[in-house]
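Accompanying notes for the structure given below.
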Number of protein chains: 2
Amino acid sequence: MATSIDLLKEKGRRLRIHSLRSTTAAGSGHPSSCLSAADLVSVIFFREMRYDPSDPHNVENDRFILSKGHAAPLLYAAYAEAAIIEQSQLITLRRLDSDLEGHPTPRLPWVEVATGSLGQGLSAGLGTALAGRMSNLTYDTYVLLGDGECAEGAVWEAAALASYYQVSNLYAIVDVNGLGQSQHTMHRFDVENFAQKFRAFGWHAITVDGHNYSEIIDAFARCRREAGSRPRVIVARTFKGKGVSLLENMEGWHGKPVPKQELDKALAELSQPYTSHGFRPNPRPRPERGVRPLNVDIRISRKIGDSVATREAYGDALVKLVEKNDWIVALDGDTKNSTYSEKLLKTRPERFFEMFIAEQNMVGVAAGMAARGMIPFVSTFAAFLTRAFDQIRMAGVSRANIKFCGSHAGVSIGEDGPSQMGLEDLAIFRTVPGSVVLYPSDGVSTERLVAEAARIRAICYIRTTRPKTSVLYANDEQFPIGGSKILRRSEEDQVTVIGAGITVHEALKAAETLASEGIRIRVIDAYSVKPVDRTTIMASAKETGNLIVVEDHYEEGGLGDAVLNAVGNAAHLIKLAVREIPRSGPPEALLDIYGISSKRIVQAVKGLL
Amino acid sequence: MATSIDLLKEKGRRLRIHSLRSTTAAGSGHPSSCLSAADLVSVIFFREMRYDPSDPHNVENDRFILSKGHAAPLLYAAYAEAAIIEQSQLITLRRLDSDLEGHPTPRLPWVEVATGSLGQGLSAGLGTALAGRMSNLTYDTYVLLGDGECAEGAVWEAAALASYYQVSNLYAIVDVNGLGQSQHTMHRFDVENFAQKFRAFGWHAITVDGHNYSEIIDAFARCRREAGSRPRVIVARTFKGKGVSLLENMEGWHGKPVPKQELDKALAELSQPYTSHGFRPNPRPRPERGVRPLNVDIRISRKIGDSVATREAYGDALVKLVEKNDWIVALDGDTKNSTYSEKLLKTRPERFFEMFIAEQNMVGVAAGMAARGMIPFVSTFAAFLTRAFDQIRMAGVSRANIKFCGSHAGVSIGEDGPSQMGLEDLAIFRTVPGSVVLYPSDGVSTERLVAEAARIRAICYIRTTRPKTSVLYANDEQFPIGGSKILRRSEEDQVTVIGAGITVHEALKAAETLASEGIRIRVIDAYSVKPVDRTTIMASAKETGNLIVVEDHYEEGGLGDAVLNAVGNAAHLIKLAVREIPRSGPPEALLDIYGISSKRIVQAVKGLL
């Protein structure tokens, strides 16, 4: 039995009261942004959505994502009114000891992804929607967006892809209150403008008065009736601060709570209850689901000395992993024939998603899929992952179990030039707390490390190389995260050279050249950039003294800094890295010009003796 | 006199021949992506655009931006056919000793901004268009986009803003060849789909057959006649590889040159000249322009001990700089009341641009403005600059003279929580070769450093703080880039504590506490994070031994790593930095929990004694 309008109005009234009280108590927050959306959220939470308030782990619960994360107090109020949390908790908003943070994070089990960096929620919602369809689940996903954040391109990346994949279990609701943080929004109250944009992007769009319950209810009904295979959006004209004259449609109140002394006056305007009837949830039954043991034991059959690009080995490993774990999926931004994620498309097309050239949305979707228990492998050129750093950063806050693969790392790609060279990717991924950063040098270590990345529950980055490199390791060699491999060692080693990926091969060449002159060096393959193998490196430093780190990355934030932080002042360290904007040219020439070729390693070693 | 269609066809034919020859000679490149756009480029370069081929510095030259940067050989061919470069140069494509790089960079004076990371050209074009209007110049800007890159949200960020600002001197041309790198594009040949999207975003859109010269010419004529104040877009249906049967509309040819042995056969299909008439450019006269001496001597009047937020001082300095240099402009993403860039809006509204919540476009526009001689100051929360890292990276390749300001840095923002905390911004900006990274601690140093940023021709990043901090410096104090300030020094200093921004004040508090216990420490304000003041730091290290670096940033890539790289193994160094995902809470509590408060500094110092 559908909830009565009176009850929805009552819920809306209480959502407003909670939002005002909690933000005034906290002394900060965005109550006016809560009040504009209170009526929309009332209908979504207490009429449209189906979920079991007592069971956040019911996989058939409808999902709600608050893309306008600054309206967090409204979300928490809805949780309280749905009896998901205690009403008494609301007053702890923004406190150090409370999980009701200033912007939502998955510290609360009902929060799918962290929001607060605007324009990311629709991508995450697209991810949960696709995940549901992939798992043959019937739940819907609801995403509440602000009008201001619709200026973010990522919203339109998500909009385009959602219609391309005919994601009909996705509902976007745009709260058009016309006011941004610092002034009116680009389109003020022009809801038709938003509707036209969404229609042009293939959505079924309906405009409503966001404070008129029958209109909102009718809009959802019409979506279900009329939208067919299209994603659905309700564009709602609202007023910021609606219901409290002090705030209603006033500029200058963004992110400001009602002062304590004005609170009673504000609440008095909301003091008339509509009804006392309670809310009855209407959950779907929780399906029986067996546990899914992850199996990452893959067979590798390569011959030492054979040539294979690590990017190609990445594709091989993906295929093997999905064979055994079909909740692993791959996403790629129209580079699948370069990253070799296309190998999965060829064997398991239903586990591969072409995301087209829209990296921000690709990562946002992956976060949504990860929230639903999938393990997404996201690949593109390493350089283009910089495009999605904000989404990667927020995936960190969400503790999303996403695996990234950046191909075409460094100057070794050659003639395509600097725009295509990933030279800051290690720096990006190392900043994410708890992240794992892997940089294999050959086909065997790549396959093992892709499997290790799938095994560990953390944001992982795998860096692959464009040119072919020779296989260095036996097929049964193990590559634990945090480890490294000593490839050349003797009692007479005078220097330790630490490389990863392409520079491991340069270091080995340098070792041969030097050996022919009677100079012995130790060569370490630091395939685990984060965590880095401090034990092995310190031991070698003690035995050989000087360290040389060589990497196909800018000098800041890469392997060199990882090693430098590990050894501190315990050893003298020289970093060989790219120190200027590179140019087009043959790979070997570029490695040499930018100081990371075998020749330059030889020079550096001799300079130390 | 307008160029004849026969001459345009002849130019198109020659553009194709050059594109095929140069890529085959280079052994790599994207000829098929050149051939789809050859006829469009012929009309743009040899009929529509007005420029003086002999004078790249004529400010009234129309501007052309190749957003689909992989079609660089086509651009170079057009330069050659316009006599901007020698035809003999074309064969040097992608060579180490050639400025004809795999993707265009400003090593060539006619290239406004580096392209090759897709979806950025329209923003840059919007920037040059706005710059022209601001300078009362009459030139137009033409941007050639691929259809695949229109999946990038940044394209729609630019589209929305261009119509909002009624930028009628901007022409976008979309080359809809239906094929991406790895498969067909999202919308294949559906040019009407693109036109509808652009119309929904406020553009005047016309669809054409991109190989029909009369249609293309007529489309430009109609744009000039009908578009009024709207930006204009011509959506052209084309075929990848048009004109060469081996490539035409074939999948699997993206980024592949015609093999040497097939080249003659391919060229034979293009062997019939249409006419022999030459091209006569129609440049606008070059206006007389006096030199504009930059004047960054600003008067500061603050009282030591007063409280002011560095973000507010940023706004004060902006106002003073624009008073004396009116080609300095400010851009902000709806945070101007937080970054205080709104101070400029209030005094010089025509030098301030509200870019709304679209950071990627904001940075792309700044790159375009910088290419036209403006000095753009781009501000938003430090955290949200991660959103534009790809544009920042490409601005580095463009050597664009942009100044960035990130406010609300670190956990010291408090209750808003991790999504709003800039904790990886120093890591981002330090990776950009040649960049300058500044982190002032008080109002005086902020104003001086904003002026220093304007003075130096480099990408600069200025990090500001949310809470108020007390003024530490006299108004006439100088803050040279690469310098630092010793704030506490004695003969008995046992440790040197290096901070920047908020942590300078924590270090000073720690010094007082320790002094009361008879322990002396040296305190350094490392306001210049890159380049860092190695001399002063090394000297202090020699005198005091141990170093402690404390920063409100993640442990990777920030001030700690800058100092660590400067001292190497010359001193024992301890880094105090944020090492996990923070949560909401009061600023002081967060500084303490995450290990960077005065109390934690005191503990660290004692731990070393």
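If you're wondering where the values come from, they're calculated on a predicted model, not measured in any experiment. A, B, ... follow the sequence lines: proteins, then strands. Residue 1 opens every chain.
A donor-acceptor pair shorter than 3.5 Å cannot be found between the side chains of A/Q196 and B/R199.
A distance of 9.5 Å separates CD1 of B/I581 from CE of A/M394, quoted to the nearest 0.5 Å. Here the CG atom belonging to B/D332 is positioned 6.5 Å from the OG atom belonging to A/S182, to the nearest 0.5 angstrom. The distance from the OG atom of B/S163 to the NE2 atom of A/H187 is 6.5 Å, given to the nearest 0.5 Å. Put simply, OG on A/S117 and CD on B/Q420 are 7.5 Å apart, with the number rounded to the nearest 0.5 Å. Once rounded to the nearest 0.5 Å, the distance linking CD1 of B/I357 with CG of A/L118 reads 5.0 Å.
Only the side chain of A/L590 has a heavy atom closer than 4.5 Å to any heavy atom of chain B. Neither the backbone nor the side chain of B/H553 comes within less than 4.5 Å of any heavy atom in chain A. With a threshold of 4.5 angstrom between heavy atoms, A/D561 approaches chain B through side-chain atoms but not through N, CA, C or O. Looking at A/H254, there are no atoms closer than 4.5 Å to chain B (heavy atoms on both sides), in backbone or side chain. For A/Q360, the part lying near chain B is the side chain, with the backbone staying farther off; criterion is any non-hydrogen pair under 4.5 Å. Residue A/A159 does not touch chain B at all, counting heavy-atom pairs closer than 4.5 Å. Contact of A/I428 with chain B is made through the side chain alone, with heavy-atom distances under 4.5 Å. Using a 4.5 Å cut-off between heavy atoms, A/E359 contacts chain B through both its backbone and its side chain. With a 4.5 angstrom heavy-atom cutoff, A/M186 touches chain B via backbone and side-chain atoms both. Within the 4.5 angstrom heavy-atom criterion, no atom of A/L423 approaches chain B. Of the atoms belonging to A/L573, not a single heavy atom falls under 4.5 Å from chain B. Contact annotation for A/M362: neither backbone nor side-chain heavy atoms come within less than 4.5 Å of a heavy atom of chain B. The part of A/T115 that comes within reach of chain B is its backbone (N, CA, C, O), which places non-hydrogen atoms under 4.5 angstrom from that chain. Neither the backbone nor the side chain of A/A114 comes within less than 4.5 Å of any heavy atom in chain B. Interface remark: A/E354 contributes side-chain atoms only to the contact with chain B (heavy atom separation under 4.5 Å).
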*Take B/D99 and A/R583, measure what side-chain contact (heavy atoms from CB on, under 4.5 Å) needs, and give me the verdict at the end.*
CA-CA 9 Å; B/D99 287 338; A/R583 58 189 306 153; 2.9 Å; yes
*asked:* Working note: B/E555 + A/T431, criterion side-chain contact (heavy atoms from CB on, under 4.5 Å); need CA distance, chi angles, decisive distance, verdict.
replied: CA-CA 7 Å; B/E555 60 187 304; A/T431 62; over 6 Å; no
*asked:* Evaluate A/E152 against B/R387 for salt bridge (charged side-chain N to carboxylate O under 4.0 Å, His left out), listing each step before the verdict.
replied: CA-CA 10 Å; A/E152 289 283 14; B/R387 193 64 161 263; 3.6 Å; yes
_Criterion side-chain contact (heavy atoms from CB on, under 4.5 Å) on B/V432 and A/E556, from CA distance to verdict_ = CA-CA 9 Å; B/V432 179; A/E556 296 91 357; over 6 Å; no
*side-chain contact (heavy atoms from CB on, under 4.5 Å) between B/I593 and A/L96, intermediate numbers included*: CA-CA 10 Å; B/I593 290 173; A/L96 196 52; 3.4 Å; yes
*Check against side-chain hydrogen bond (donor to acceptor under 3.5 Å, both in side chains), A/S338 and B/Q181*: CA-CA 9 Å; A/S338 292; B/Q181 174 184 318; 2.6 Å; yes
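Per-residue heavy-atom pair counts under 4.5 Å with chain A were compared for B/G557, B/C150, B/G29, B/G180, and the maximum is reached by B/G180. Between chain B and the residues A/Q183, A/E157, A/R94, the largest count of heavy-atom pairs under 4.5 Å involves A/R94. When each of A/E101, A/H572, A/R95, A/Q391 is scored by its heavy-atom pairs under 4.5 Å with chain B, the top score falls to A/E101. Ranked by heavy-atom pairs shorter than 4.5 Å toward chain B, the options A/M355, A/H70, A/H30, A/Q120 are led by A/Q120. Between chain A and the residues B/G102, B/S419, B/G414, the most heavy-atom pairs under 4.5 angstrom are made by B/S419. In terms of heavy-atom pairs under 4.5 angstrom with chain A, the leader among B/G417, B/G560, B/A72, B/G148 is B/G148. Here A/R393 is the residue among A/K530, A/R399, A/R430, A/R393 with the most heavy-atom pairs under 4.5 Å with chain B. Contact tally against chain B (heavy-atom pairs below 4.5 Å) for A/G27, A/A154, A/A158, A/A383: the top residue is A/A383. Ranked by heavy-atom pairs under 4.5 Å with chain B, the list A/G585, A/P582, A/P433 is led by A/P433.
Dense packing is recorded around CZ of A/R579, with more than 12 heavy atoms of other residues, nucleotides or ligands lying under 6.0 Å away.
Aromatic ring pairs are classed by plane angle as parallel below 30°, tilted from 30° to 60° and perpendicular above 60°; the pair B/F201 and A/W156 is perpendicular. Using cut-offs of 30° and 60° on the angle between ring planes, the pair B/F389 and A/F389 is tilted.
A donor-acceptor contact shorter than 3.5 Å is absent between the side chain of B/H103 and the backbone of A/P418. Here the side chain of B/D390 pairs no donor or acceptor atom with the backbone of A/F384 at under 3.5 angstrom.
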